Amino acid sequence: MSNWTSSKLTLRASGSYDRDVPARLPLAAQRLVIVTGKGGVGKSAVTAALARAVAGAGRRVLAVEVTRGGLGPLLGAGTLGPAPTVVAPRLQATALEPEEALGDFVQGILRFRMLARRLLESTSFQVLAAAAPGLPELLVLHRLLGWVEERRLGRRVYDLVVVDAPASGHSLPLLAAPRTLGTLTRFGPVAQVLARIQALLTDPSRTLVCLVTTPEELAVRETIELHRELAGPLGLPVAPPIVNALPPRRFGRRDEAALARLEATGGAHAYLVAARYQLERRRRALGQLTALRRALHEPAVSLPFLFAGPEAPGGVARLAADLAAAAGLTA
Ligand SMILES: Nc1ncnc2c1ncn2[C@@H]1O[C@H](COP(=O)(O)OP(=O)(O)O)[C@@H](O)[C@H]1O
Ligand SMILES: [Mg+2]
């Protein structure tokens with residue numbers, strides 16, 4: 001296990017995940033948490049739950065949606081806009097808009113509003129901006145850096161910025177951008193911004209990248225590759241993986257033995273078929289947890305499959321409680 005994750009593991013008192021020892025997520029002092037993973041694995045649900053967990057522990061949180069998804073409704077708000085709005089005590093949320101990010105960047109670099117406005121209004125600049133490799137990624141990161149560093153009356157505005165990042169395929173170029181672009185731009189204001197972003201992203205005391213997966217083979221395989229890429233060549237602080245939607249344990253050993261007996265006596269009752277399906281589903285999911293643990297040499301943090309989904313009342317709160325426990329946060 002890497003040195004920035006706590007080596008102290010705790011067993012869940014409730015024992016709801018048999019055999020599973022949740023790893024701890026270092027969230028108590030982090031300033032930027034980036035949540036990514038394969039499409040549809042629950043990134044938005046986990047982002048919402050992380051934001052709630054940290055805000056619940058008394059820190060001021062900004063939850064940011066980078067690509068349009070369901071983050072707003074998961075936080076009990078409507079569609080999110082470009083300006084952060086309060087969605088719960090100590091919790092604000094916003095959607096990162098490309099145009100806003102571009103304007104923010106140009107103004108930050110040029111510092112002269114007039115000049116910046118003129119440049120932004122020119123069509124040739126907009127065409128160039130859309131075509132420049134790595135520029136959209138840089139704009140996103142620059143905007144995030146702005147929120148992390150934002151201060152009002154000498155006090156930081158957000159203790160933590162949690163980002164619902166794009167799916168793996170887009171998050172990799174996003175997180176690699178400072179490095180890729182840094183080799184092209186060594187001097188000047190852009191190089192300075194890149195250096196500040198890179199310093200933030202690679203600082204394990206400030207940043208944490210959370211990879212979400214479901215306990216399914218394809219998603220797990222993608223998680224392992226992404227984890228290796230991000231933690232290896234890119235040198236980013238990557239948290240223990242978060243396995244979302246783990247099927248609950250429905251049957252004990254005795255039930256299993258009873259089921260096998262009934263099946264052996266020729267029973268093909270619909271209930272038996274359903275029970276066998278549940279057992280197999282959970283067995284396969286636990287197999288994926290083991291594969292993940294073996295590949296990454298650390299146990300995952302698991303979140304339960306919620307029958308009504310995280311959108312139902314209490315869904316995000318349930319996931320938030322489990323994440324708070326894994327992070328050692330208390331309300
Ligand atoms: N723990 C869970 N249990 C049951 N369903 C879930 C869980 N987490 C997410 N889902 C469902 O999975 C789908 C994808 O979730 P979402 O958070 O939007 O994923 P992503 O942001 O990765 O695309 C949604 O329909 C959501 O209701
Ligand atoms: Mg999403």
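Note that the structure is predicted; figures quoted are calculated from it, not measured.
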- Query: Looking at OG1 of Thr180 and CG of Leu174, how far apart are the two atoms once the value is rounded to the nearest 0.5 Å?
  - Reply: 10.5 Å

- Task: Report yes if the side chains of Leu279 and Phe251 come closer than 4.5 Å at any heavy-atom pair, otherwise no.
- Result: yes

- Looking at Arg206 and Leu200, what are the two nearest heavy atoms and their distance? NH2-CA, 3.5 Å

- Query: If you take all heavy atoms of Ala53 and Leu329, which pair is closest and at what distance?
  - Reply: O-CD1, 4.0 Å

- State whether the side chain of Thr36 and the backbone N or O of Pro166 hold a donor-acceptor pair below 3.5 Å, judged by distance alone. yes

- Message: Can you pull out every side chain to side chain donor-acceptor pair (under 3.5 Å) where at least one residue sits in residues 82-91? Sequence neighbours excluded, please.
- Response: none

- Query: Are Leu246 and Val316 joined in one hydrophobic group, where the rule is that I, L, V, M, F, W and Y side chains link up if heavy atoms are under 4.5 Å apart?
  - Reply: no

- Message: If hydrophobic clusters are built from ILVMFWY residues whose side chains come within less than 4.5 Å, do Leu74 and Leu91 share one?
- Response: no

- Step-by-step side chain to side chain contact (heavy atoms under 4.5 Å, CB included) determination, Val33 to Thr47: CA-CA 9 Å; Val33 169; Thr47 305; over 6 Å; no

- So, do Leu32 and Leu201 sit near enough that their side-chain heavy atoms are less than 4.5 Å apart? yes

- Task: Quick one: which residue pairs count as a ring pair (Phe, Tyr, Trp, His ring centres under 6.0 Å) with a foot in residues 300-331, not counting sequence neighbours?
- Result: Phe305-Phe307

- Note on the structure: For Pro173 and Gly169, the nearest pair of non-hydrogen atoms, with its separation, is CD-O, 3.1 Å

- Item | Interatomic spacing from CG in Leu296 to OG1 in Thr223 - rounded to 0.5 Å | 8.5 Å

- Query: Side chain of Ser168, backbone of Lys38: donor and acceptor closer than 3.5 Å?
  - Reply: yes

- Contact check, side chains of Val162 and Leu62, non-hydrogen atoms, under 4.5 Å: no

- Could you please spell out the steps behind the side chain to side chain contact (heavy atoms under 4.5 Å, CB included) verdict for Val64 and Leu144? CA-CA 9 Å; Val64 181; Leu144 296 175; 4.1 Å; yes

- Item | Side chain to side chain, Pro304 and Pro247, heavy atoms closer than 4.5 Å | no

- Item | Partners meeting side chain to side chain donor-acceptor pair (under 3.5 Å) with Thr214 (sequence neighbours left out) | Glu216

- Query: Taking atom NE2 of His227 and atom CG of Leu236, what is their separation to the nearest 0.5 Å?
  - Reply: 10.5 Å

- Item | Smallest separation among heavy atoms of Ala165 and Ser171, with atom names | CB-OG, 3.6 Å

- Would you confirm whether Arg179, through its side chain, and Pro233, through its main-chain N or O, come within 3.5 Å as a donor-acceptor pair? yes

- Option from Arg281, Glu280, Arg276 for which side-chain contact (heavy atoms from CB on, under 4.5 Å) with Gln278 holds: Arg281

- Task: Check step by step if side chain to side chain contact (heavy atoms under 4.5 Å, CB included) holds for Glu263 and Leu259.
- Result: CA-CA 6 Å; Glu263 283 170 335; Leu259 177 65; 4.0 Å; yes

- Message: Using modelled atom types and a 3.5 Å cut-off, is there a donor and acceptor pairing between side-chain atoms of Thr265 and backbone atoms of Leu262?
- Response: yes

- Can you check whether Thr202 reaches Leu234 side chain to side chain, under 4.5 Å on heavy atoms? no

- Any side-chain heavy atom of Arg249 within less than 4.5 Å of one from Arg282? yes

- Reported CG-to-CZ distance for the pair Asp159 and Arg31, which is rounded to 0.5 angstrom: 6.5 Å

- Between CZ on residue Arg68 and OG on residue Ser44, distance to nearest 0.5 Å: 11.5 Å

- Message: When you measure from the side chain of Arg52 to the backbone of Ala317, do you find a donor-acceptor pair of N or O atoms at a distance under 3.5 Å?
- Response: no

- Message: Determine whether Arg151 and Glu149 satisfy the following criterion, salt bridge (charged side-chain N to carboxylate O under 4.0 Å, His left out), listing intermediate values before the conclusion.
- Response: CA-CA 6 Å; Arg151 297 183 88 85; Glu149 292 184 343; over 6 Å; no

- Query: Got a second to check how far Leu25's CG is from Asp322's CG, nearest 0.5 Å?
  - Reply: 11.0 Å

- Query: Are any side-chain N or O atoms of Gln288 and backbone N or O atoms of Leu218, one a donor and one an acceptor, separated by less than 3.5 Å?
  - Reply: no

- Note on the structure: In terms of heavy-atom contacts, Pro240 and Glu298 come closest through CA-OE2, 3.5 Å

- Message: Any carboxylate oxygen within less than 4.0 angstrom of a Lys/Arg side-chain nitrogen, looking at Glu256 and Arg253?
- Response: no

- Item | Shortest non-hydrogen separation from Leu71 to Ala48 and the atoms involved | CD1-N, 3.8 Å

- Just wondering, do Thr213 and Asn244 contact through their side chains at under 4.5 Å, heavy atoms? no

- Report yes if the side chains of Glu229 and Leu172 come closer than 4.5 Å at any heavy-atom pair, otherwise no. yes

- State whether the side chain of Asp255 and the backbone N or O of Gly252 hold a donor-acceptor pair below 3.5 Å, judged by distance alone. yes

- Task: Using atom types as modelled and distance alone, determine if a side-chain donor or acceptor of Arg59 lies under 3.5 Å from a backbone N or O of Gln30.
- Result: yes

- Task: Using a strict cut-off of less than 4.0 Å between a Lys/Arg side-chain nitrogen and an Asp/Glu carboxylate oxygen, indicate whether Asp164 and Lys43 qualify as a salt bridge.
- Result: no

- Item | Verdict with reasoning, Arg156 to Glu150, per salt bridge (charged side-chain N to carboxylate O under 4.0 Å, His left out) | CA-CA 6 Å; Arg156 68 162 80 123; Glu150 190 171 344; over 6 Å; no

- Sidechain N-carboxylate O distance under 4.0 Å for Glu225, Arg221: no

- Message: Set out, in order, the CA-CA distance, both residues' side-chain angles and the distance that settles side chain to side chain contact (heavy atoms under 4.5 Å, CB included) for Leu319 and Val46, then state yes or no.
- Response: CA-CA 7 Å; Leu319 302 180; Val46 168; 5.5 Å; no

- Query: Just by modelled atom types, is the Pro82 backbone N or O under 3.5 Å from a matching donor or acceptor in the Thr94 side chain?
  - Reply: yes

